[in-house]
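Okay, so here's the structure we're looking at.
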Amino acid sequence: MALARSTRFLTVAAMALAAPATAARAQNPADLLERAVRAYQDLNFDAAAGLLRRALMPQLADSLDHAGRARALTYLGAAERFRERRDSAMAAFRRLVLLDPRYRPDTLVFPPEVTRLFDEVRLRTKTVAIRVPDDTVIPLQRGSFAAWLVPSSPHNVTVGIARGDGSPLRELYAGPVGDSLDVHWDGRDSAGALAPRGRLWLTVESRVGGAAMRVVEVPLELDYALDTVAHPAALKAGQLLPERASRRTGLRSLAGGLLIGAAAVSLPQIVAPGQRSSGTRIAVGGTLALSGLVGYLAQPPGRPLPDNVAANQVRREDWRRRTDAVVAENARRKAGASFRVRAGQSVAP
Amino acid sequence: MTGLLRWIGVALAVGCGVAPVAAQGPALWAGATLVGVRAQGDGSLGPARTAGTVLGGLVTARRGKFELEGRYLQGVLQPQDDASPRRDLVQGQLVLGFRATPWLSAHTGPRARSYITPAGTERWLVWLLGGRVESPIVGTTVRGHVELWRALALSANVGSDVGRTGRGGDAGVTVQPPGGPVWFRLAYGIDQNAVRGAARRETVEEFTLTVGVRRR
C-alpha cells in the first residue's frame, strides 16, 4: 500500500518536472521551424503555416537569427501559396524582401510557382540592403567611407548623410540603382567642412514615381583625432587706433604733452629734492609741451590720422599673417589626420 | 618705498583690467646715445661736481608683453670746480619690463655704475623697480614717456652699508617717422643714490639724445 503510494507520488513528480521542458521545446522557434519544415515536406501545409506563424510571432522571432527568419518566411510564403492563399503568401514574401533584399529562394527546394510569386513580390517591393564596414579608419585627405547598396529590384534611390537629429548634412547620390551601387563619403558636409563628431545617419530612400517608398538608415558614429590650432581672435575696436581725429584726440595730445613735460621739469623735485638741477630738463619738458601743442593743432576733429591708419594697417597685416600661419598649420595637420566611422545595424523607421 | 610699490601694483592691476595688451610680435630696437652727464657727489670730503658728454648704446627686445632692455655708457666726467677730481664713468643696466597695457609697464633689473679716479674705483649697484607711463602725443609718430623707480637693493663700496637708498626718474619724447625704421629720442633722467652711514650721496642727471633703428 505504502509502496503504491510512493510510486504514484514519484510518477506525478516526474510528470510535473517534465512538463515545462516539453512546453519550452514546443515554444522554441528553431524547433517550431524544424517541425514546420517537416510538415511542409509532408505536404501538410496547414500545419506548416500554423507552426511558422507561431515561430514568427514577434516575441519568438527575435530569438531566430537572420537566416532562420528568412528560411521561416520562405517556407511560410510557399505553404500559403500551396494553401491557395496568394495574398498571405505575398505578404510573407514581402516581409522576406524587406528583411533581406538580396535573398533568393533555393530553386532546388522550391518549385517555380513559388519562386515566380516571390520574384513578382520582389519586383514590386522597393528596398535596399546596405552593407558598410563595422569599424573603419579613413585618411581625411583622399579617403572615403564606402557603402555598398543592393536593391531588391532596380529603382531610384537618394542616398545621404543626416545629422543625429535627422536634418540633412550631405547628399551623396540621387539616381537609379541596378544590381548594386557603391557610394562614398569623404567625411564632410555639403559645404566642404568636416562633419560634426558623434551620431550621424546614412540614409537610403527608395523612390517610386518621385515618391519616397521606403527609407533605410544605418547609424554611424563619427570621430576624428584632429588637434587644430585656434585662429587668432579678431581685432577688437579697442585694439585699433582711431583713424580720424575727434575733439578728444587733440585734447589728449595736448594734455599728454603738457603732463609729461611737467613731469620732466618736476623730476628733480621728486627724485632729489633740494638738489640744484640743470636746465636740460626744461629743454625736454618744453619739447614735450610743444609736441602736445603741435598734436592739438595738427589734429582737428575729422582729420585723418595717417600715423594711426598706418599703425592699424600694420596690426591688421600682423593679424592676417598670424591667421594665415594658423590656416597653413591646420591644413598641414589635417593632411595627416584620419576619421573613424563605426556603423550600427540598419533600421527602417 | 612701500608706497611706490603699492602704487605700481595697483596701477598694473587696473591697467590689466581695463585695457588688455594685444598680442604683439617680436620687435627689436637698437640705438646709439649721446649723453650729457652731470654728477654731484656729496661726502665727508666735500662736494664733487663733474660733468661730461659720454657715448653709449641701448638694445631693447620685445616679445608679447615682455621686454628686455640693456644700456651701456662710458666716458669721462671733467671736474666742474677746483676741488673735484676727473672721473671716468662706466655704467651698465639690464632691465626686464612687463607691459600691462600699451601705456603702462613695470620694469626691474640691476644698474651698475663705476667712477674711476686716480684714488680708486667706486662702484654703485642698484637693483631697481619702477613703473613707466607712455602716451602718444602726435599720432604714433611722437610719443612721450615718464618713468619713476626706487631701489630695491643698493650696494656701494663707500665704507658703510647703513642707510642705503636710491631712486630715480626719466622723462622724454620719442619720434618715429612713419614708414621708416629710424627713431629719435630726447630724454632727461635723474637719480640719487645715498649711503647715510658713509655720508655719501650721488646725484646724476642725464640729458640723452638717442638715434636708433627698429626692426620687427
Side-chain angles (χ1 to χ4, degrees), chain A residues 232-233 235-236 238-241 245 249 252-273 275-285 287-299 305-312 314-315 318-319 321-322, chain B residues 18-25 36-38 40 42 47 49 51 102-103 133-150 166-179 185-194 201-209 216:
Chain A
L235 288 174
K236 296 175 186 165
Q239 293 174 291
L240 295 173
L241 299 169
T249 310
R252 198 181 300 132
S253 293
L254 182 64
L258 292 177
L259 285 173
I260 296 176
V265 172
S266 307
L267 271 177
Q269 281 72 48
I270 299 168
V271 173
Q275 197 80 21
R276 195 166 66 88
S277 52
S278 71
T280 52
R281 70 186 196 282
I282 307 293
V284 174
T287 304
L288 281 159
L290 190 63
S291 300
L293 191 61
V294 169
Y296 176 73
L297 296 174
Q299 300 174 111
L305 301 173
D307 290 356
N308 289 5
V309 172
N312 287 345
V314 168
R315 288 182 191 183
D318 180 56
W319 180 85
R321 194 168 50 248
R322 286 185 286 123
Chain B
V18 300
V21 175
Q24 293 175 344
V37 178
R38 186 165 170 268
Q40 302 176 61
D42 297 314
R49 302 185 194 287
W103 57 271
V133 173
E134 198 172 319
S135 171
I137 295 177
V138 182
T140 54
T141 303
V142 182
R143 302 178 69 83
H145 77 267
V146 62
E147 159 182 339
L148 286 171
W149 58 262
R150 296 290 297 249
R167 58 190 171 188
D170 182 87
V173 58
T174 303
V175 179
Q176 169 135 29
R185 180 177 294 160
L186 185 67
Y188 169 78
I190 181 170
D191 63 83
Q192 187 175 71
N193 302 312
R201 187 173 65 182
E202 280 287 328
T203 305
V204 178
E205 289 178 281
E206 295 173 357
F207 176 70
T208 307
L209 179 64
R216 288 179 68 90

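Quantities reported herein were computed from a predicted structural model and do not represent experimental measurements. Letters A, B, ... mirror the listed sequences (proteins, then strands); counts begin at 1.
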- Item | Minimum-distance pair of heavy atoms, taken over all atoms of A/Ala264 and B/Ala171 | CB-CB, 3.5 Å
- Message: Let me confirm one number: the CZ-CD distance from A/Arg276 to B/Gln40, rounded to the nearest 0.5 Å.
- Response: 6.5 Å
- Looking only at heavy atoms, what is the nearest atom pair of B/Val146 and A/Ala263, with distance? CG2-CB, 3.6 Å
- Residue part contacting chain B, namely of A/Ala311, when any heavy atom lies under 4.5 Å: side chain
- About how many Å separate OG of A/Ser278 and CD of B/Glu205, when rounded to the nearest 0.5 Å? 3.5 Å
- Note on the structure: Okay, A/Ser277 and chain B: the region with an atom under 4.5 Å from a heavy atom over there is both
- Task: Of all the heavy-atom pairs spanning A/Leu267 and B/Glu147, show the shortest one and how long it is.
- Result: CD2-O, 4.5 Å
- Message: A quick test of your reading: do over 12 heavy atoms of other residues, nucleotides or ligands sit less than 6.0 Å from OH of A/Tyr296?
- Response: no
- Item | Segment of A/Val265 engaging chain B (4.5 angstrom heavy-atom cut-off) | neither
- Choice from B/Gly189, B/Ala194, B/Ala187, B/Gly36 maximising heavy atom contacts with chain A below 4.5 Å: B/Ala187
- Item | Portion of A/Thr287 that has a non-hydrogen atom of chain B nearer than 4.5 angstrom | side chain
- Task: Over all heavy atoms of both residues, which pair between B/Gly172 and A/Ile260 is shortest? Give the atoms and the distance, please.
- Result: O-CG2, 4.4 Å
- Query: Between A/Pro273 and B/Arg167, which heavy-atom pair has the shortest distance, and what is it?
  - Reply: CD-NH2, 3.6 Å
- Determine the minimum heavy-atom distance between A/Val271 and B/Ile190, stating which atoms define it. CG1-O, 3.8 Å
- Item | Selection from A/Pro268, A/Ala298, A/Gly256, A/Ala310 maximising heavy-atom pairs under 4.5 Å formed with chain B | A/Pro268
- Item | Point-to-point distance, once rounded to the nearest 0.5 Å, from CD of A/Gln299 to CD1 of B/Ile137 | 10.5 Å
- Item | Contact origin within A/Ile270 toward chain B - heavy atom pairs under 4.5 Å | both
- Message: Quick check on B/Thr203 against chain A: is it the side chain, the backbone, both or neither that has a heavy atom closer than 4.5 Å?
- Response: side chain
